[in-house]
Amino acid sequence: MTQTANATPPPSPTRLERRIVLGAQHAIAMFGATVLVPILVGLSPSVALFGAGVATLIFHLLTGGRVPIFLGSSFAFIAPTALVVKEFGPAAAGGGLMAAGAMYLLFSGLVKLFGTARLLRVFPPVVTGPVIIVIGLGLSSVAVNQAKSNWWLALATLVAAVVASVYGRGLFRMIPILVGVVVGYLVALATGQVAPDALAAIRAAPLLGLPDFHAPAFDWRAVAIIAPVAIVTFIEHVGDVIVNGRVVGQNFLQSPGLSRTLFADGVANMTSAALGGPAATTYAENTGVLALTRVYDPAILRIGALFAMLFGCSPKLAAVLKSLPPGVLGGVSILLFGMIASVGIRTLAEAKIDFAHSRNLIVVSVILVLGLGGASFPIHAAGTTLELHGMALAALVGIVANLLLPAQKVEVDGAGELERVLH
């Protein structure tokens, strides 16, 4: 008998240890997208990570800890938030994002009052699909302007993200943005594309420290630009809750209920904005990790939230993120913004919108032209001038057009699918 036959096997990980590892995996899967948004709009990635962790914990608290959802930076808010940060400053962006969170509270009350199916008929796919397309394509110039600073670096980043998404296995397939950023950054370091002062800032930054929190400021111009985006993310929230429930095998529209999840999402979003972070909303990436791991315990998500808060308390990590060259950001942005637009196209396709009917063509055409053409509409009230433009104006006109134009046939508007889920 060999000595190895009597060897004591290594101790198996305890339940707590497994939970910690799985929680860290969720935090890593959410990391790339969570920090990319604040980098693009001019906010602190450390605050975004910390705010995402706090927002997730608040969401679980308000929903009874039954929904395995992680909240993170929303791509839908990139363009308006970047505009407000540039024109009015980060504090005004925080106020606008808090107003967007307040709209979630309004939607929650409307769902409670009128019922889920009735409210969703105001936002059918013929409206939400082209609005999502506008969000993605409206950001395309940002991606190209970043990428053209170094096309080879952008290409290396883009190829790495695509390879991870298409050919990756396990967790790597769930984090293509993070993989692309890491590969692009390593290429930038190897080719001397990272600024020397940025490298010096990384070396000087302490490993641990509090994020750079800042209070919001309320400016009606910022509110008018950012808050209407909640119309789109409201629909995204509904889709995330439905798909998340299907993966887990539960009906979260009934328990804890859409009204409650919307309320929790709104409060969580307002909390992240109050800290100085970007909008924190439900994440489709989270559902992908659940489907991959088949671990549906909401406690795992709360552990992941604690890891996100820990990541946010590292000034050295923040210095690394701030040192990312524009070419790296451009490479991942090309893929990211294109995927957002593709989601809008898929929304129209899955709803089987019939473009042989003129009313559908009109609704979609008006939204696309107003949203991508730079249209603006000033509103003068009480001595204050508010301006609706871009996606907000396109979404509002699309909603009105869809309600006023007579339907030529019964369209797939999501209500039938929703009723099947509800019952």
Side-chain angles (χ1 to χ4, degrees), residues 24-43 45-46 48-49 52 70 72-79 82 135-137 139-195 198-199 202 278 283-289 292 304 307-308 311 314 316-343:
Q25 176 180 252
H26 272 276
I28 293 172
M30 305 301 115
F31 182 90
T34 300
V35 301
L36 180 61
V37 173
I39 291 173
L40 292 175
V41 304
L43 296 177
S46 295
L49 284 166
F70 189 98
S73 309
S74 173
F75 301 140
F77 287 92
I78 291 177
I135 292 174
L137 295 185
L139 293 166
S140 58
S141 61
V142 176
V144 172
N145 287 333
Q146 291 175 331
K148 70 182 182 182
S149 65
N150 189 322
W151 276 111
W152 288 109
L153 185 57
L155 182 61
T157 305
L158 176 60
V159 169
V162 170
V163 169
S165 179
V166 176
Y167 300 105
R169 293 291 183 267
L171 180 62
F172 283 98
R173 191 169 187 173
M174 302 307 305
I175 53 173
I177 293 175
L178 181 59
V179 171
V181 169
V182 170
V183 171
Y185 192 70
L186 292 176
V187 172
L189 287 173
T191 56
Q193 298 298 317
V194 182
L199 294 175
I202 295 173
Y283 249 18
E285 287 91 338
N286 167 71
T287 303
V289 177
L292 176 67
F307 270 105
F311 293 158
S314 175
K316 189 173 290 291
L317 177 60
V320 171
L321 295 174
K322 290 180 180 178
S323 69
L324 289 173
V328 174
L329 296 177
V332 293
S333 295
I334 289 173
L335 178 63
L336 177 63
F337 300 156
M339 290 176 67
I340 295 174
S342 299
V343 169

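Worth knowing before you read on, the calculation uses all heavy atoms, side chains too, and leaves out hydrogens, waters and symmetry mates. Quick caveat, the model's predicted, so the values are computed rather than measured.
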Minimal non-hydrogen separation, V179 against A160, with atom names: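 Heavy atoms of V179 and A160 come nearest at CG1-O, 4.0 Å.
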
Nearest-0.5 Å distance that lies between atom CG in L317 and atom CD1 in I202: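 Answer rounded to 0.5 Å: 10.0 Å.
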
side-chain hydrogen bond (donor to acceptor under 3.5 Å, both in side chains) contacts touching residues 150-164 (sequence neighbours left out):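 Of all non-adjacent pairs touching residues 150-164, those that pass side-chain hydrogen bond (donor to acceptor under 3.5 Å, both in side chains) are N150-Q193.
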
When the side chains of residues 139-147 are checked against the rest of the protein, which donor-acceptor pairs come out under 3.5 Å, sequence neighbours left out?
residue : atom : partner : partner atom : Å
S140    : OG   : L137    : O            : 2.7
N145    : OD1  : K148    : NZ           : 3.3
N145    : ND2  : S141    : O            : 3.1
Q146    : OE1  : S333    : OG           : 3.4

Non-neighbouring partners of K316 that pass side chain to side chain donor-acceptor pair (under 3.5 Å), sequence neighbours left out: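 Side chain to side chain donor-acceptor pair (under 3.5 Å) check on K316 returns nothing, list empty.
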
Contacts of S314 that satisfy side chain to side chain donor-acceptor pair (under 3.5 Å) - sequence neighbours left out: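 Not a single residue meets the side chain to side chain donor-acceptor pair (under 3.5 Å) criterion with S314.
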
For a quick test of your reading: what N or O donor-acceptor pairs under 3.5 Å do the side chains of residues 321-331 make, sequence neighbours left out?
residue : atom : partner : partner atom : Å
S323    : OG   : Y185    : OH           : 2.7
S323    : OG   : V320    : O            : 2.6

Stepwise side-chain contact (heavy atoms from CB on, under 4.5 Å) test for V183 and V159: CA-CA 9 Å; V183 171; V159 169; over 6 Å; no

For residues 27-40, run the donor-acceptor check on the side chains, cut-off 3.5 Å, and write out each pair with its distance to 0.1 Å, sequence neighbours left out.
residue : atom : partner : partner atom : Å
T34     : OG1  : M30     : O            : 2.6

